[in-house]
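I have placed the structure first, in the form of structure tokens, so that the comments after it can refer back to it.
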Number of protein chains: 2
Amino acid sequence: MTARPANAHQARLLRLLRDGGPNSRAQLGDQIDLSRSKLAVEVDRLLETGLIVADGFAASRGGRRSHNIRLAPELRFLGVDIGATSIDVAVTNPELEVLGHLNQPMDVREGPVAVFEQVLAMAAKLKASGIAEGFDGAGIGVPGPVRFPEGIPVAPPIMPGWDGFPVREALSQELGCPVMVDNDVNLMAMGEQHAGVARSVGDFLCVKIGTGIGCGIVVGGHVYRGTTGSAGDIGHIQVDPDGRACACGNRGCLEAHFSGAALARDAEDAARTGRSQELAAKLEASGRLTAVDVAAAAAAGDATSLQLIREGGNRVGQVIAGLVSFFNPGLVVIGGGVTGLGHNLLAAVRTQVYRQSLPLATGNLPIVLGELGPVAGVIGAARLISDHLFSPA
Amino acid sequence: MTARPANAHQARLLRLLRDGGPNSRAQLGDQIDLSRSKLAVEVDRLLETGLIVADGFAASRGGRRSHNIRLAPELRFLGVDIGATSIDVAVTNPELEVLGHLNQPMDVREGPVAVFEQVLAMAAKLKASGIAEGFDGAGIGVPGPVRFPEGIPVAPPIMPGWDGFPVREALSQELGCPVMVDNDVNLMAMGEQHAGVARSVGDFLCVKIGTGIGCGIVVGGHVYRGTTGSAGDIGHIQVDPDGRACACGNRGCLEAHFSGAALARDAEDAARTGRSQELAAKLEASGRLTAVDVAAAAAAGDATSLQLIREGGNRVGQVIAGLVSFFNPGLVVIGGGVTGLGHNLLAAVRTQVYRQSLPLATGNLPIVLGELGPVAGVIGAARLISDHLFSPA
């Protein structure tokens with residue numbers, strides 16, 4: 001794909017076809033502020049570029065039957081979601097439906113060279129499976145702040161070796177297609193917005209609880225990234241002035257008290273000090289504990305594990321309560337690896353928010369788990385690059 | 001003024017003339033994405049409506065000399081800022097410069113009928129002084145959340161009797177002109193953006209510390225009001241789980257620990273328990289204490305007053321630190337009555353924010369006092385109504 005829309009109307013048409021699938025000219029005309037003749041001109045121009053194709057007749061609405069149009073079905077986007085401990089890579093069609101998806105464990109601390117070698121191998125494997133001949137664009141998520149226009153990670157706390165690495169430029173050369181880079185949390189928010197629980201919500205928060213904690217902020221349908229790209233960096237909001245020492249140098253940061261990493265540490269501590277037989281058995285069996293173990297132990301009735309989940313939910317709920325008062329969102333989505341803790345976690349978060357935030361802000365506020373699980377990030381990545389490609393050049 | 005711009009281009013031209021003052025067609029053309037001939041058409045149509053007028057010749061840029069145009073100089077906006085304990089009313093010209101300004105004490109708890117009687121009397125007095133023949137529109141700020149499209153206060157905690165009162169409709173009838181209503185904190189943010197310290201900043205926070213505490217949020221140059229209009233309601237964010245009981249029913253809310261009202265209470269307590277001779281003398285003299293007294297005592301070297309200011313600054317700084325991590329603003333403005341506490345307050349706020357927020361978010365972040373003092377709100381109110389009138393009908 002080398003063509004790009006020539007103006008804002010064409011860009012809007014492409015996004016409507018991406019988000020709504022094949023459609024008739026007549027129905028597109030209803031959704032866009034263009035006269036019938038001007039719409040026809042823009043559609044014809046897009047047909048010439050090959051970005052869209054005719055797709056049979058639409059159902060009649062009376063009068064002449066209208067042609068359906070759709071995005072060129074051979075368009076392929078690559079979505080890459082680099083987490084702290086694993087990599088997700090997926091290929092989507094132009095409507096951002098996942099055609100193939102791979103997940104592999106990988107420590108982001110091995111650095112950009114090793115990680116991208118892995119990413120390229122995974123992309124090649126997906127291509128070899130026959131779902132894509134090439135990629136028209138790729139979106140990449142990394143677990144840290146990104147200088148967005150340039151696509152470069154900045155001072156990412158859990159990503160030593162990545163500071164200043166030109167991710168966008170390097171991957172664009174390797175893949176031979178346009179690349180956009182963003183924080184993994186923003187991509188999760190975009191994924192849930194495109195195909196998950198946040199469809200049709202204009203202003204919402206998406207809190208990702210994985211190894212760390214971050215928050216995607218969507219304002220009027222668009223991701224808000226802040227002045228230096230660090231918006232949503234809530235892991236170091238203080239929840240207890242006399243709390244635990246955090247890797248950032250402060251005390252009582254949210255992440256020090258609750259995150260995938262903190263929970264694993266607390267669980268191992270509970271196992272070693274004899275507070276949980278269940279966790280002790282799991283630790284002996286596998287040598288380490290994760291959020292998944294804590295969730296399983298809680299489900300099996302282990303009181304200590306349940307307590308750990310509740311305390312964690314209270315901590316993150318305390319922070320979300322403040323954000324709800326401040327931001328007055330229409331929806332709060334909780335996602336990330338720790339959502340395996342499920343409804344125990346959600347109940348604790350909700351309790352804090354509904355107790356602490358003012359009724360006016362919480363009156364109609366749903367607080368829900370994400371719907372897409374591990375594909376939220378890759379769908380968000382595909383949306384990121386398609387937003388870029390479906391903008392006037 | 002009955003005319004409204006017919007399209008987005010005309011609206012943009014009117015706002016450019018409001019914000020930049022009289023200007024030449026040539027220079028307006030540089031700022032707006034219109035061909036020379038289309039610009040001429042839109043300018044001619046605006047001249048016909050009477051919204052703009054010709055204003056002599058511009059300095060030559062070579063070639064034919066360009067005509068200056070400006071907003072019709074007789075346009076008058078009324079800005080009204082209703083606080084918890086006083087009312088500000090001002091009249092501005094079309095460039096939102098204040099031509100006359102009155103301030104009177106008034107308890108908002110006396111209810112909308114009494115308050116608006118006062119507002120109308122003040123507006124009449126300004127008119128009688130000869131600066132306005134009538135008002136083309138009025139902006140009104142109230143100290144509580146507002147259902148913005150309808151201009152109706154909703155469940156305002158410090159405004160008993162106002163819940164559901166149709167402010168917009170009632171005042172529009174009384175004044176005989178269009179009216180828009182917003183939260184006072186949003187208006188302060190718009191005022192500082194138009195004529196104060198936040199000019200040219202796209203994303204910023206404006207924290208108003210008066211009787212209560214609130215925060216105006218500006219995203220991409222526009223006030224963000226949230227899903228139900230309560231965004232920025234930070235007064236009830238919890239700063240101490242074991243803290244003071246708050247009027248809202250929770251414990252440890254920011255407002256319970258620091259605000260104009262909390263500071264006055266703490267100061268009177270310090271006076272009565274003998275911790276401050278300075279405050280005791282002031283209390284005996286006037287029967288009550290306010291933030292102004294605490295500021296004066298601190299300036300006179302009273303250690304207890306200084307301590308109160310520092311503790312308050314620490315509390316509000318603690319909350320702002322979290323908001324800075326979350327929102328990554330380009331600027332934080334502190335305004336409202338308590339800014340009389342000045343640099344002692346600011347130093348305490350800055351200390352907390354620079355210590356607790358991540359360096360990436362605070363690197364280039366200025367935290368400053370508002371520049372406009374009590375006129376920030378009325379200028380913001382004039383901007384609010386002019387934004388409305390300078391939009392396509």
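Per chain, numbering begins at 1; letters A, B, ... match sequence-line order. When reading the values below, keep in mind they use all heavy atoms of this one structure, side chains included, and skip hydrogens, waters and symmetry mates.
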Look at the side chain of A:Arg168 and the backbone N and O of A:Pro149, then say whether any donor-acceptor pair between them is shorter than 3.5 Å. yes
Between A:Val181 and A:Ile152, is any pair of side-chain heavy atoms under 4.5 Å apart? no
Which value, rounded to the nearest 0.5 Å, describes the distance between B:Arg355 atom CZ and B:Gln352 atom CD? 5.0 Å
Which atoms of B:Leu331 are under 4.5 Å from chain A, going by heavy atoms: the side chain, the backbone, both sets, or neither? neither
Should the pair A:Phe327 and B:Tyr224 be assigned to parallel (<30°), tilted (30 to 60°) or perpendicular (>60°) ring geometry? parallel
Turns out that what part of A:Ala321 lies under 4.5 Å from chain B's heavy atoms comes down to neither
Among the options B:Leu323, B:Ile234, B:Asn364, pick out the one with the most heavy-atom pairs lying under 4.5 Å from chain A. B:Leu323
Please list every donor-acceptor pair under 3.5 Å in which a side-chain atom of residues 210-222 of chain B meets a protein atom from a residue at least two apart or in another chain.
none

Out of A:Gly232, A:Ser325, A:Gly322, A:Pro145, return the one with the most heavy atom pairs under 4.5 angstrom to chain B. A:Ser325
For A:Arg310, enumerate each residue passing the salt bridge (Lys or Arg N to Asp or Glu O under 4.0 Å) test, keeping only those at least two apart in sequence or located in another chain. none
Verify, without hydrogens or angle tests, whether B:Arg350 (side chain) and B:Ile367 (backbone) share a donor-acceptor contact under 3.5 angstrom. yes
Could you check whether any side-chain N or O of A:Trp162 sits under 3.5 Å from a backbone N or O of A:Val167, counting only pairs where one atom can act as donor and the other as acceptor? no
Going by the rule side chain to side chain contact (heavy atoms under 4.5 Å, CB included), which residues pair with B:Ser35 if we only count those two or more places apart in sequence or in a different chain? B:Ser37, B:Lys38
So which bits of residues 244-254 of chain B come within less than 4.5 Å of chain A, counting non-hydrogen atoms only? B:Cys248, B:Asn250
Is B:Leu358 close to chain A through its backbone or its side chain, or both, or neither, when contacts mean heavy atoms under 4.5 Å? side chain
Looking only at A:Pro241, A:Ser357, A:Pro359, A:Pro329, most heavy-atom pairs under 4.5 Å shared with chain B are made by A:Pro329
Can you tell which of A:Asn328, A:Asp203, A:Val201 has the highest number of heavy-atom pairs within less than 4.5 Å of chain B? A:Asn328
Heavy-atom cut-off 4.5 Å, strictly under: side chain, backbone, both or neither for A:Leu365 against chain B? neither
Rounded to the nearest 0.5 Å, what separates atom CZ in B:Arg12 from atom CG in B:Leu34? 9.5 Å
Using a 4.5 angstrom heavy-atom cutoff, name the option from A:Ile237, A:Asp233, A:Leu205 with the most pairs to chain B. A:Asp233
